[in-house]
Amino acid sequence: MDDRQLWEGIRRKDASAFDALYRSCGAGLLGFLNQFLGNRQAAEDVAQETFAAIWQHPNGFDPQRGTLRSYVFGAGRKRAAEWWRRQKPQSHFTTEPVEGCKSETQSLIGNAFEKLPVEQRTLLWLREVEGQSYAELAEILEIPEGTVRSRLFAARKALRQIWHTARNIWEGS
Amino acid sequence: MNCEQVEEYISALCDGQRIPQVAAEHIGTCKRCQSELSEYATIGAELRRLASIDEGVPVAQVGWNKETVRKADWWQKGLATMNIPRLAFGAMLIAIIALSSGLVMVRARAGAGAARFLELEYKLPLTGAPAICVMEADASKNDKSCDFVSHRREGLFLMNTRVIANSGDRAELGLRAKYIPGAGETEVNYTEALFKDIPEEVLLMESGAKQEIQVTGLGAVEVEAKYLDHIPPLFFRPQETLDPNPKEFRIVAPVLVRDNEVVVNGGDGSSISTGSPDATLMLYGPGEGRYLVSLIPFDGAVEGSVHLGQITFSLEGHHYLLLTSMPITVLEHVWVKHEPDFRPSERMVRPSDARDDRPMFLVRSLSKLEEQRIEH
């Protein structure tokens, strides 16, 4: 079932079509929002709001402009941005540490990633983890494709520098 | 190309993008750039690994079944509770209070207005034509009586009405009426003493209701009372608007000012012509003689300008301003003549008008006012 068929099913309130969308994008959107918001609970809430809004008012997707997946991520990003605006300054969430088995190199990269600004973090996450293309990233973030490339480079460079700094400190100690 | 110039292309390579040949050749031979490419790849792999760990946390399962919405009836909706933000609730309370107090104000104003003025319409058997007067409905006010005198060839009709009490849209009126056959030309002084010997008849009048009183020698006089919530422009013509009709010439409460001095104060009466093309005001003041102000040019008259309730003109080297309490005519010009030697006692037929010691004004046709003996 391609994007157009899936979307038509959702517009007809076909629960199976929407379930297919949720299964294909739900986990990815949650991971992206977790990076964007730095809070698992908030990410789940925003993801839930995003899907609920699409289910209740399925009228924003244009197949000519991009994929359904990028549309869902774009909708999630906008809701996450609204969530940030609603937060009071003192209620800023810190990124929760990711649990798991970590070698020294791997944990340093993870820690460096968490220190990136949220825009760079989410961009890198969408590209590296979700595998979004430049075109999809341009649609999700509403920026030109050329800007996507330059921002990805800036994010990687920043992450690499933080990582190197942490590694030098680690090796020095 | 150097390392700095190809940095962005290294990043692009990680994204599966094609890069320029010179950049690709530099990266192929530069250990530093290859190291950077390797580290970018490591970063990507590490991020995906971390994401894989994160995906171990189950995503909440949500059912997206299509619900059949059963329409709740209005009764159920009415009984159901709803959440409302405190701000909205507070705004709603303020709006309710403001609206309800506004209604109270409107009702209070309407009620107060209805109690302020009473329009009385009398229909006389002699003519059938209505005579109207308006007075304050508040019994405690001084201006609470309405005197009405009808001069007819057949006789003289006197009517005095006063407000005894007033409650809401009901009024208790005291009426004194008398008809004197054959006394149509009798001069009458408008004093309370005129009605003193006439027995008073009490009527309870509701707004819009009609009642009759029997007048000896005349018959039944119909009286109708209406409450007004506004001050009418003319007390004897309550339906009149402020702007004059095209053929009207209206003089109400005239005051004549010469330079900066009031020379004639005509009082608070009114005199109106509704159709005479040569309608003319005669304004008399003791020691001043009379001023004729006409809608048409006539011998010896100078032109004056009209603006709403004001007429300005220059005469005998002086600047004059005639003020009235409402717009006079739709015309822009009038013609004015001063006759300083005029004496009412010499020209006016009716004795009440033939007094030289008090101001007087009336509007009649120019031809009538130029007669040697003025009868009206």
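Numbers restart at 1 for each chain; the letters A, B, ... are given by sequence-line order, proteins then strands.
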Any side-chain heavy-atom pair of [X] and [Y] under 4.5 Å:
X: Arg48(B); Y: Trp125(A); answer: no
X: Phe113(A); Y: Glu46(B); answer: no
X: Glu39(B); Y: His164(A); answer: yes

### Message
Just checking Leu87(B): does its CG atom have more than 12 heavy atoms from other residues, nucleotides or ligands closer to it than 6.0 angstrom?
### Response
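Result for CG/Leu87(B): open.
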### Message
Are there over 12 heavy-atom neighbours, none belonging to Glu4(B), within less than 6.0 Å of that residue's CD?
### Response
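It does: Glu4(B) CD has more than 12 such atoms within range.
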### Query
So how far is it from Leu47(B) CG to Ile109(A) CD1, rounded to the nearest 0.5 Å?
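So the CG of Leu47(B) and the CD1 of Ile109(A) are separated by 7.5 Å.
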### Message
Just verifying a value: how many Å separate Arg160(A) CZ and Ser11(B) OG, rounded to the nearest 0.5 Å?
### Response
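With rounding to 0.5 Å, CZ (Arg160(A)) is 11.5 Å from OG (Ser11(B)).
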### Task
Sequence neighbours left out, what passes side chain to side chain contact (heavy atoms under 4.5 Å, CB included) with Leu13(B)? Give chain and number order.
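Applying side chain to side chain contact (heavy atoms under 4.5 Å, CB included) to Leu13(B) gives Ile19(B), Ile27(B), Leu37(B).
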### Message
Heavy atom to heavy atom, less than 4.5 Å: which residues from residues 139-156 of chain A reach chain B?
### Response
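So far as heavy atoms go, Arg149(A), Ser150(A), Leu152(A), Phe153(A), Arg156(A) are the residues that approach chain B to under 4.5 Å.
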#### Entry: For the student: nearest non-hydrogen atoms of Glu128(A) and Tyr40(B), plus distance
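In terms of heavy atoms, the two residues are closest at OE2-O, 4.5 Å.
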### Query
So which heavy atom on Thr42(B) is nearest to which on Trp163(A), and how close?
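Shortest heavy-atom separation between Thr42(B) and Trp163(A) comes out as CG2-CH2, 4.3 Å.
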### Message
Run the ring-ring contact (aromatic ring centres under 6.0 Å, His included) test against Phe61(A) and tell me which residues pass, sequence neighbours left out.
### Response
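Partners of Phe61(A) by the ring-ring contact (aromatic ring centres under 6.0 Å, His included) criterion, ordered by chain and then number, come out as Trp7(A), Tyr71(A).
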### Message
Going by the rule ring-ring contact (aromatic ring centres under 6.0 Å, His included), which residues pair with Phe73(A) if we only count those two or more places apart in sequence or in a different chain?
### Response
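By the ring-ring contact (aromatic ring centres under 6.0 Å, His included) rule, Phe73(A) matches Phe32(A).
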### Task
Check whether Gln17(B) gets within reach of chain A through its side chain, its backbone, both or neither, counting any heavy atom under 4.5 Å.
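Looking at Gln17(B), just its side chain touches chain A.
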